[in-house]
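The basis for the numbers below is simple: all heavy atoms, side chains too, and nothing from hydrogens, waters or symmetry mates.
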Amino acid sequence: MTRLAAVGGLLLGGAMVTQAAMASETPNSSSLVRSSADTAGQTGTELTKRLGTARTAGSWIGADGRPVVAVTDDAAAAEVRKAGAEPKMVGHSMNELKAATATLKDAPRVPGTAWSVDYRTNKVVVQADSTVSADDWSRMTKLASGIGGFVQMERTKGEFTTRINGALPILSTSGRCSAGFNVTNGQQDFILTAGHCGPNGSVWFANGQASQQVGQTVDSSFPGGDYSVIQYAGGKAGEGADIVAIGNGNGVRITGFGDPVVGQRVFRSGSTTGLRDGQVTALNSTVNYPEGTVTGLIETNVCAEPGDSGGPMFSEGIALGVTSGGSGDCTSGGTTFFQPVSTALTQTKLKLIVAARADGTRQNQPAPSSTPTQAAIAPGSAAPGSTAPVGGIGTSLAGRLTDPLTIGPGLLVIAASMGALLMTRYLREERDRKAYQRYYSATWG
């Protein structure tokens, strides 16, 4: 018991590693400002809703930050211009594009495939990774041809897999994942992360010896969706729950959540590769992972690697998604999919823990409808958000460990100092854990 007490004291900062890695820093407010990626009254999203799916085929943000709307007739184009947006005439309506994806969904499932509607080219793009056999590729190509010439087949490098592996801040026998954002129900706080990280009941720890419990998964969706919530063992996220660490001791304050727009510049932070950026390439994407099919995902060209799974995606301080999976890496690039935060919050009935807005208004007050948001910013000019030091906890051990670029060494320091004390007691657990790690080291998930 004495030795275990000593270990507990040395690992006191372990739980804080997870708190910071998942969104660390500032008020413990449980309120939320919901933000949208649309400019009030003149957005592409509003125009497509008003004109209908028979006359439009999606919208996106142009290089100049203006909304572009795909339309199928001259009258719709005139209405788009009148609203201050740019119309693009296309040959297929959203109804046709959705009918095509419905046909693909009803076909026999092929792991390693994914599809989405590319608004900008007015096509349904079907991707097949390196695991898809020649026979399955031939069968899917035949199916696509039967739907129409606007269904485009593409082979992609790598494999579409969930990303659980790597040097991560939260660990369990169900997997290893990055935490995403702090959320709350008003009484207790939780970590929002990816659903494939582990089913309900998964217990999470802050270190490899499983001696410092962080919390337990209490709600999860995978496959189908890809989100889960981990209830903090202590009930609260603590100080600094609204900042996402982006490296070098810096963070970004999260001020609300929203839905992204195709063409929007977005940022992802992960404990393996730190801060990365790219653009949203499609919405409502479907991915057939080996474990099952997930729908409604955000598709991007942001890179990700093992260990980034579950980590946050954001832009201009607005929470957008948590990392689901994809292909490629941060050397060769690739496709990465994200579970929308808005969907996860709606399904779990939880609220994002956010910072006060720059105008000083309280978090529980709705944002003025005339306030421009990140969609009004040209993609090349968009930034992660308002910067702040990671944690108001200075140069403490927990503060250093929140940085994605230093969290690996920090965990190694903790592991090294604890190894001698815990070797005997946790021998069996360590053996099981190593077997788990060997299994996952062969794949992204």
Side-chain angles (χ1 to χ4, degrees), residues 36-105 114-127 144-154 258-266 278-287 295-301 315 320-321 335 337-338 340 342-343 372-380 382:
S36 153
D38 302 325
T39 301
Q42 296 187 349
T43 66
T45 300
E46 290 174 344
L47 285 166
T48 57
K49 288 180 180 178
R50 190 171 75 208
L51 295 170
T53 54
R55 304 177 67 196
T56 64
S59 65
W60 60 95
I61 299 300
D64 59 357
R66 291 179 61 203
V68 182
V69 181
V71 296
T72 59
D73 61 68
D74 292 335
E79 290 193 49
V80 169
R81 290 192 192 94
K82 184 178 180 180
E86 179 184 344
K88 179 180 179 181
M89 195 67 67
V90 296
H92 304 283
S93 69
M94 183 58 73
N95 288 343
E96 294 176 84
L97 299 174
K98 285 184 175 180
T101 60
T103 300
L104 292 167
K105 182 180 179 181
W115 56 79
S116 59
V117 176
D118 188 335
Y119 299 158
R120 289 175 284 196
T121 63
N122 197 226
K123 293 181 178 180
V124 174
V125 180
V126 181
Q127 300 180 66
S145 298
I147 297 172
F150 60 94
V151 180
Q152 179 175 315
M153 298 290 291
E154 293 182 353
D259 296 308
V261 179
V262 173
Q264 180 180 348
R265 187 186 186 195
V266 292
Q279 285 194 359
V280 175
T281 54
L283 303 174
N284 198 30
S285 297
T286 296
V287 185
T295 61
L297 297 177
I298 303 164
E299 181 180 321
T300 75
N301 58 15
S315 184
L320 300 172
T335 300
F337 299 94
F338 296 83
S342 59
T343 302
T373 60
Q374 68 269 27
I377 303 170

Validation row: S93, T72 side chains within 4.5 angstrom (heavy atoms):
yes

What's the spacing between I147 CD1 and E96 CD if we round to 0.5 Å?
12.0 Å

Just verifying a value: how many Å separate E154 CD and W115 CH2, rounded to the nearest 0.5 Å?
15.0 Å

Could you walk me through whether T53 and N95 pass side chain to side chain donor-acceptor pair (under 3.5 Å), step by step?
CA-CA 6 Å; T53 54; N95 288 343; 2.6 Å; yes

In the structure I gave you, are the side-chain heavy atoms of V90 and V71 within less than 4.5 Å of one another anywhere?
no

Would you call D73 and R55 a salt bridge, using N to O less than 4.0 angstrom?
yes

Between L320 and G258, what is the shortest heavy-atom contact and its length?
CD2-O, 3.5 Å

Within a strict 4.5 Å, meaning less than it, do heavy atoms of the L283 and V262 side chains meet?
yes

Could you check if a side-chain atom of V261 sits within less than 4.5 angstrom of a side-chain atom of V280, using non-hydrogen atoms only?
no

Report the distance from atom OG1 of T101 to atom CG of N284, rounding to the nearest 0.5 Å.
7.5 Å

Look up atom OG1 in T335 and atom CG in L297, then write down how far apart they are to the nearest 0.5 Å.
12.0 Å

Compare all side-chain heavy atoms of K49 with those of T45 and state whether any distance is below 4.5 angstrom.
yes

Measure the shortest side-chain to side-chain distance between F337 and I298 over non-hydrogen atoms and say whether it is less than 4.5 angstrom.
no

Please find the pair of heavy atoms, one from K88 and one from V68, that lie closest to each other, and give the distance.
CB-CG1, 4.3 Å

Pairwise side-chain contact, T56 with V69, heavy-atom cut-off 4.5 Å (strictly under)
yes

Test item: side-chain donor near acceptor, S342 and D259, under 3.5 Å:
yes

Apply side-chain contact (heavy atoms from CB on, under 4.5 Å) to the pair K123 and H92, showing each step before the final yes or no.
CA-CA 8 Å; K123 293 181 178 180; H92 304 283; over 6 Å; no

Spacing of I61 atom CD1 and Q279 atom CD [to the nearest 0.5 Å]:
10.5 Å

Please give me the minimum heavy-atom distance between A85 and L47, naming the atom from each residue.
CB-CD1, 3.7 Å

Would you name the heavy atoms of Y119 and S59 that are closest together and state the gap between them?
CD1-O, 3.2 Å

Roughly how far, to the nearest 0.5 Å, is CH2 of W60 from CG of D118?
8.5 Å

Evaluate E79 against L51 for side-chain contact (heavy atoms from CB on, under 4.5 Å), listing each step before the verdict.
CA-CA 9 Å; E79 290 193 49; L51 295 170; 3.4 Å; yes

Can you see which heavy atom on G263 is nearest to which on R120, and at what distance?
CA-NH1, 3.9 Å

Are the side chains of T48 and M94 in contact, using a 4.5 Å heavy-atom criterion?
no

Considering non-hydrogen atoms only, spot the tightest contact between E299 and Q127 and give its length.
OE2-NE2, 3.6 Å

